[in-house]
Amino acid sequence: MAPTTISEIHRLEGQEAHLRGWVYNTRSSGKLQFILVRDGSGVIQAVASLKNVGEELFQELGRLTQESSLEVWGMVKADPRAPGGFELSITRAKIVQIAQEYPISPKEHGIEFLLDHRHLWLRSSLQHAILRVRAEVIRSAREYLDDHGFLNMDTPILTPAACEGTTTLFQVEYFEEFSFLTQSGQLYNEATAAAFGKVYSFGPTFRAEKSKTRRHLTEFWMLEPEVAYAGLNDIMELEEKLIEHIVGRVLERRAEELKRLERDTSKLEKVKAPFPRLHYADAVKRLNEKGVDFQWGGDFGAPDEAVLTEDYETPFFVHRFPSQIKAFYMEPDPADPKHCLSVDCLAPEGYGEIVGGGQRIADYDLLLERIREHKLPEEAFEWYLDLRRYGSVPHSGFGIGVERTTAWLCGIEHVRECIPFPRTIYRMKP
RNA sequence: UCCUCAGUAGCUCAAUGGUAGAGCAUUCGGCUGUUAACCGGAGGGUUGUAGGUUCGAGUCCUACCUGAGGAGCCA
C-alpha cells in the first residue's frame, strides 16, 4: 500500500491508509490511546484500542512521546468529533524513533525561547499556517507576473563597491577584496528591463540597519518588477493588480490557514483595485489635521504610517515624496521638481509600507548630477550610466516585501514569524 | 546609541525583607471516546553574573550580561 498524506486522506474514507509522520500529542484512556499524528500536510487523530491492536503494540504505542516519528496503518473513518472530519483507527504501526523530551510543550512559551528553538517551532500549527501563506504569496505573485509578460531575471547577491552608501550594507570578503550583500536588485533590474522589457527579480536582500522593530529583518525577501517605458501611474496600476491577485489567491487557497490564524478575512475581501492615491503633501496635511506634528520634508515613521492607514480599508498609495528623502535615482515630478515620482504602498490595519518604488531618472546628465550630489563613487556607476547612454527610456519599478505582506495577510504582529529562519539585528541563530 | 520592562525547575509563571511553590513537560500508576483530556504519586533549583546593605536578600542598592518592547535609523 502506498503511503498517503493527511491532506489527501478524505479520499480513502472506509479504506485502509498508510501515514508517515510525527506525534503531535497523545492522550490515553486505559484501554484506548489517542495519538495526534502530523505529517506536514495536516494533523489527524489516530485511535488505538487494546482490543484491535493487541497487547504488544498497545504497550509499544504507550511509549510514544511528543514528536516521536512513526508510520501508522489504519482504517479511515469520518467522525464529526474529529477536527479535520476524519480519524484513523489504527491496525498496525511502526515506531521510527522515540523522541527525547521535546522542549516545546503544548502550553505557552516566551518569544526568546521560541526563537532559540525556531528549527523545532516550525512544526507548530500556527507557524505552519503562516509559512504556508508566505509560500502562497510568493507563488501567486510569480504566477501573476509570469502570466503578464514578465521574465524572471534574478540579480546578484554579491555586489561590487558601495552603490548607495555603505552604512546599511553588509561587507563580505571577496578573495583579496570586499563585496557587499545586495540591498535591492533594482539597479540590475533596470539593465535587464532595458534588455527584456518587463522583468522581475526575486531573492533575499540584506540591510545592516540597526532597526529593532516588528517590521524589520536584516535579511528579507523582495520581489522586484521593473518595466521599460512605464511611468508612475503604470507602476501603481501594476502594483494594485498584483496585490489584488495575491490577496485573492491567498483567500482562495489558504482559507484554512487564515482561519487557524483567526484572521478577519472580511477585511481582505475588500482589497480590490484601484487603490486610493494620496499625494505626499496631502498626506502631511492629513497627519496635521489628525493632530500629528509633522513637517513637509520628513519621512513617515511607523506611528505616522499607522495614523494614515486609519483612513483606509484597503492598501493605498502615497506618491510624490520630496526628492530629498528618496533615493538618488528617483525621477523628479515635472509638475513640481521638489517632489519625485516615487510611491509607497501602505497596507491597512496599521501595517504600513509593504511596497516601495517609482519612476527612475532616464536623463544621463541629471542622473550624473544626482550621483555627484550624493557623493557616490562615480566609477562604480559607469555601467548604470551606460543604461542612459544607450537607448534610455522612461522606466519604473517597485519592490514588494514578502514578509511584510505575509504579516499583513496573516494578521500577525511581527515579521520574524513570516520567514522560516529570521535574521534580526541581535539574532543569527539557529 | 537612547528610553522602558524582564531574567526563579526543561517551559510558562507565583512567592509582604523571614521554610523557594504551582501548572505543563518527564517518570510511575488509574481510566474504552479523549479534544492543550482527566485523577493520584515521584524526580527536578548555585533564583542571569559580580559586589554591597541587612540578624536575615528571589525580593533593596550598584555595575555588568542576556532578552523583549519602543525610539532613532529604514535606497
Side-chain angles (χ1 to χ4, degrees), chain A residues 24-36 43-53 58 62-63 65-67 77 79-84 87 89 98-117 120-121 124-126 159 162-169 180 182-187 205-218 220 222 224 298-306 321 323-330 340 342 344 352-353 356-358 360 370-371 374 376 397-399 401 404 413-414 416 424-427:
Chain A
Y24 200 66
N25 200 1
T26 61
R27 291 179 279 272
S28 73
S29 180
K31 301 186 174 62
L32 273 181
Q33 287 183 60
F34 304 94
I35 301 162
L36 286 172
V43 178
I44 192 169
Q45 176 165 275
V47 186
S49 68
L50 180 58
K51 195 177 65 185
N52 290 352
V53 302
F58 196 81
R63 293 168 51 230
T65 54
Q66 195 185 353
E67 287 302 321
K77 289 180 180 165
D79 191 321
R81 291 169 297 187
E87 67 172 32
S89 179
I98 296 289
Q100 297 179 26
E101 184 177 344
Y102 190 64
I104 303 181
S105 64
K107 290 272 182 169
E108 292 164 18
H109 299 282
I111 189 66
E112 179 186 2
F113 177 80
L114 290 170
L115 286 170
D116 283 342
H117 294 83
L120 302 176
W121 188 24
S124 305
S125 84
L126 287 185
T159 59
C163 280
E164 300 172 23
T166 55
T167 53
T168 61
L169 294 173
F180 298 91
T182 182
Q183 61 177 342
S184 163
Q186 187 211 308
L187 303 189
T205 50
F206 305 86
R207 310 249 170 128
E209 290 159 9
K210 303 208 166 168
S211 300
K212 186 174 155 16
T213 80
R214 69 191 67 191
R215 309 174 53 230
H216 287 87
L217 298 168
T218 53
F220 64 98
M222 262 207 304
E224 298 178 90
D299 204 354
F300 304 128
D304 306 317
E305 286 188 353
F321 284 79
S323 297
Q324 63 194 54
I325 55 168
K326 285 291 175 181
F328 73 95
Y329 48 69
M330 290 291 189
C340 62
S342 56
D344 283 356
E353 183 183 352
R360 330 299 191 188
R370 287 288 158 84
I371 288 172
H374 284 77
L376 297 168
F398 60 86
R404 286 185 179 182
E413 200 141 274
H414 207 299
R416 67 188 160 207
T424 53
I425 176 166
Y426 296 124
R427 182 177 287 278

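Protein chains get the first letters and strands the later ones, always in sequence-line order, with residue 1 at the start of each. Owing to the predicted nature of the structure, the values given are computational and were not obtained by experimental measurement.
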*Any donor and acceptor pair, going by atom type alone, linking the side chain of A/E67 with main-chain N or O of A/A99 inside 3.5 Å?*
no

*Give the nucleotide from the list B/G69, B/G33, B/G10 with an atom nearest to the side chain of A/V47.*
B/G33

_At 4.0 Å (heavy atoms only), tell me whether A/E101 reaches a base, stays on the sugar-phosphate, or touches nothing._
base

*If you measure from the Lys or Arg side-chain nitrogens to the Asp or Glu carboxylate oxygens, is any gap between A/K326 and A/D299 under 4.0 Å?*
no

*Which of these nucleotides, B/C11, B/U32, B/G67, is closest to any side-chain atom of A/H109?*
B/C11

*So, the side chain of A/S211 versus the backbone of A/T213: is there a donor-acceptor pair under 3.5 Å, distance only?*
no

*Hey, can you tell me if A/F113 and A/H117 have their rings parallel, tilted or perpendicular (30° and 60° cut-offs)?*
tilted

*Identify whether any heavy atom of A/S211 sits under 4.0 Å from a base atom; if not, whether one sits that close to sugar-phosphate; answer base, sugar-phosphate or nothing.*
base

*asked:* I'd like to know if A/E87 reaches the base of B/G33 with its side chain such that a donor and an acceptor end up less than 3.5 angstrom apart.
replied: yes

*asked:* Under 4.0 Å, counting only non-hydrogen atoms across every strand here, what does A/Q45 touch: a base, just sugar-phosphate, or nothing?
replied: base

*How close or far is atom P of B/A68 from atom NZ of A/K212, stated in whole angstroms?*
5 Å

_Nearest whole Å is fine: how far is B/G7 P from A/D116 CG?_
17 Å

*Is the phosphate of B/G69, meaning OP1 or OP2, less than 4.0 Å from a side-chain N or O of A/R416?*
yes

_Rounded to the nearest 0.5 Å, what separates atom CZ in A/F34 from atom CD in A/Q45?_
6.0 Å

*Could you work out which one of B/A25, B/U34, B/C74 sits closest to the side chain of A/F34?*
B/U34

*May I ask you to verify if any side-chain N or O of A/R27 is less than 4.0 angstrom from the OP1 or OP2 atom of B/A37?*
yes

*Return no unless some side-chain N or O of A/H414 is found under 4.0 Å from OP1 or OP2 of B/G69.*
yes

*B/C28 versus B/G43 - spacing of their C1' atoms, nearest Å*: 11 Å

*Choosing from B/A68, B/G10, B/U32, which nucleotide comes nearest the side chain of A/R427?*
B/A68

*Going by atom types only, do A/Q33 and A/T26 share a side-chain donor-acceptor pair under 3.5 Å?*
no

*Choose from B/U12, B/A71, B/U32 the nucleotide whose nearest atom is closest to any side-chain atom of A/F113.*
B/U12

*What's the CG-C1' distance between A/D299 and B/G72, to the nearest Å?*
13 Å

*asked:* Applying a 4.0 Å non-hydrogen cut-off, can you work out what A/R370 is touching in the nucleic acid: base, sugar-phosphate, or nothing?
replied: nothing

*Give a yes/no on whether any side-chain N or O of A/N25 is located under 4.0 angstrom from OP1 or OP2 of B/A25.*
no

*Quickly, which of A/R404, A/H414, A/K210 forms a side chain to side chain contact (heavy atoms under 4.5 Å, CB included) with A/H216? Name it, please.*
A/R404

_Using the C1' atom as the point on both nucleotides, what is the distance between B/G67 and B/U8, in whole Å?_
16 Å

*asked:* Please classify the nucleic acid contact of A/G356 as base, sugar-phosphate, or nothing, using heavy-atom distances under 4.0 Å.
replied: nothing

*Closer to the 5' end of RNA chain B via nearest nucleotide, is it A/H117 or A/G301?*
A/H117

*Which nucleotide in the list B/G10, B/U66, B/C31 gets nearest to the side chain of A/S28?*
B/C31

_Using a heavy-atom cut-off of 4.0 Å across all strands, would you classify A/F300 as base, sugar-phosphate, or nothing?_
base

*Which nucleotide in the list B/G10, B/C31, B/G67 gets nearest to the side chain of A/S29?*
B/C31

*Measure from the side chain of A/T213, starting at C-beta and using heavy atoms only, and say which of B/U27, B/A71, B/C11 lies closest.*
B/A71

_Between B/U46 and B/A42, how far apart are the two C1' atoms, rounded to whole Å?_
24 Å

*Taking atom P in both B/A14 and B/C60, what distance in whole Å separates the two?*
14 Å

